[in-house]
Amino acid sequence: MSDPLRRVRHIYEQDPEAYHRAMSSRFTEWMLGGRRRKVGETVSGLVLDVGFGTGLSVPYYPADVRVVGIDISPKMLEVGKRFAKEQGRHADVLVMDAERLALPDHVFDSVAFNLCLCTIPNPEAAAREGVRVAKPGAAMVFLEHVRSHLLPVALLEEAVNPAMVALQADHFTRRTAEVVGRSGVEVLSIDRWFAGVFNLIVGRAPAR
Ligand SMILES: C[S@@+](CC[C@H](N)C(=O)[O-])C[C@H]1O[C@@H](n2cnc3c(N)ncnc32)[C@H](O)[C@@H]1O
């Protein structure tokens, strides 16, 4: 495992319950809940949830999907599996590096990335892996915080980025829509909100 990835894992292994509580707050629900619902409306069939974390997206997925969640942090996955069960749902969880998925080609009907391309050391490699394991034409959806398209906001993000990377391995200046496009995903729509700090990118895996 690379040093940057070891560091990411170390950070997320610290206190998964605290992450889960913070990300379940009313404020977070106000900021992200509507788009998490849209992610849920986009996916179907066999869904790969990359950077599954504590499974916060699970309640938004339709009841008839089968969810496979992968994450580099076993402790996040442990909380996630329990949370899914509390929601009356099931998720198959696997400890795995998103940049090197130990999964076969072209098996998933949908691939979802929720708030993880900001921490994955090489986001383009992870997006390419998502494309590789997706069936041709599969739904690919990315709910991410990104470098805003609004310059004053982007400059603020540039200012806080060094501290956030140092403390949380959380990158605030990634041009995620470009990364996703370069990975081979056919981008169909980009929904920008919160002054462009968040993007919901909906696309599909290329037809073979
Ligand atoms: C901010 S959390 C998001 C969790 C969840 N998707 C959510 O919506 O709340 C980012 C997650 O990505 C995981 N992660 C970061 N780099 C990874 C990698 N290379 N492979 C797999 N998981 C990774 C972290 O362990 C963490 O659980």
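Order of listing sets the numbers, starting from 1, for every ligand and every atom in it. Note that these values count all heavy atoms, side chains included, but never hydrogens, waters or copies made by symmetry. The structure presented is a predicted model; accordingly, all values stated were derived computationally and were not measured.
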Fill in: Reference residue Leu200; test side chain to side chain contact (heavy atoms under 4.5 Å, CB included); the match among Arg35, Arg36, Glu144
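The passing option is Arg35.
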Give yes or no for whether the N/O distance cutoff of 3.5 Å, strictly under, is met between [X] and ligand 1.
{"X": "Asp49", "answer": "no"}
{"X": "Gly51", "answer": "yes"}
{"X": "Thr54", "answer": "no"}
{"X": "Glu99", "answer": "no"}
{"X": "Asp97", "answer": "yes"}
{"X": "Tyr12", "answer": "no"}
{"X": "Ile72", "answer": "yes"}
{"X": "Pro121", "answer": "no"}

Practice prompt. With sequence neighbours excluded, tell me which residues meet side chain to side chain contact (heavy atoms under 4.5 Å, CB included) with Ile11.
Written response: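 Once residues adjacent in sequence are excluded, the partners of Ile11 under the side chain to side chain contact (heavy atoms under 4.5 Å, CB included) criterion are Arg7, Gln168, Ala169.
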Response to the item:
Per salt bridge (Lys or Arg N to Asp or Glu O under 4.0 Å), Asp105 is matched among Arg128, Lys135, Arg132 by Arg132
Donor-acceptor check, side chain of [X] to backbone of [Y], threshold 3.5 angstrom: yes or no?
{"X": "Ser44", "Y": "Asp109", "answer": "no"}
{"X": "Arg174", "Y": "Leu117", "answer": "yes"}
{"X": "Glu157", "Y": "Ser148", "answer": "yes"}
{"X": "Lys75", "Y": "Asp15", "answer": "no"}
{"X": "Glu99", "Y": "Asn122", "answer": "yes"}

Relative to [atom], which among [options] owns the nearest non-hydrogen atom?
{"atom": "atom 8 (O) of ligand 1", "options": "Glu144, Arg36, Met96", "result": "Arg36"}
{"atom": "atom 27 (O) of ligand 1", "options": "Leu32, Leu101, Asn114, Asp71", "result": "Asp71"}
{"atom": "atom 10 (C) of ligand 1", "options": "Leu56, Val79, Leu115", "result": "Leu115"}

I'd like to check which ligand 1 atoms, numbered from 1 as shown, lie under 4.0 Å from a non-hydrogen atom of [X].
{"X": "Cys116", "answer": "12 (O)"}
{"X": "Thr119", "answer": "10 (C), 12 (O), 15 (C)"}
{"X": "Gly53", "answer": "4 (C), 27 (O)"}
{"X": "Ala98", "answer": "18 (C), 19 (N), 20 (N), 21 (C)"}
{"X": "Val8", "answer": "15 (C), 16 (N)"}
{"X": "Met76", "answer": "27 (O)"}

Discussion item. With a heavy-atom distance limit of 4.0 Å, tell me whether Leu143 approaches ligand 1 through its side chain, its backbone, both, or neither.
Written reply: neither
Worksheet item: Side-chain heavy atoms under 4.5 angstrom apart, residues restricted to Ile, Leu, Val, Met, Phe, Trp, Tyr: same cluster for Val8 and Val146?
Response: no
Worksheet entry | Test item, Tyr19 contacting ligand 1 (heavy atom, 4.0 angstrom) |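 Contact check Tyr19 vs ligand 1: positive.
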Does a donor on one side chain sit under 3.5 Å from an acceptor on the other, for [X] and [Y]?
{"X": "Asp71", "Y": "Tyr12", "value": "no"}
{"X": "Glu13", "Y": "Ser73", "value": "yes"}
{"X": "Asp170", "Y": "His145", "value": "yes"}

Worksheet entry | Shortest protein heavy-atom distance from atom 16 (N) of ligand 1, along with the residue and atom involved |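 For atom 16 (N) of ligand 1, the nearest protein heavy atom is Ile120 CG1, 3.3 Å.
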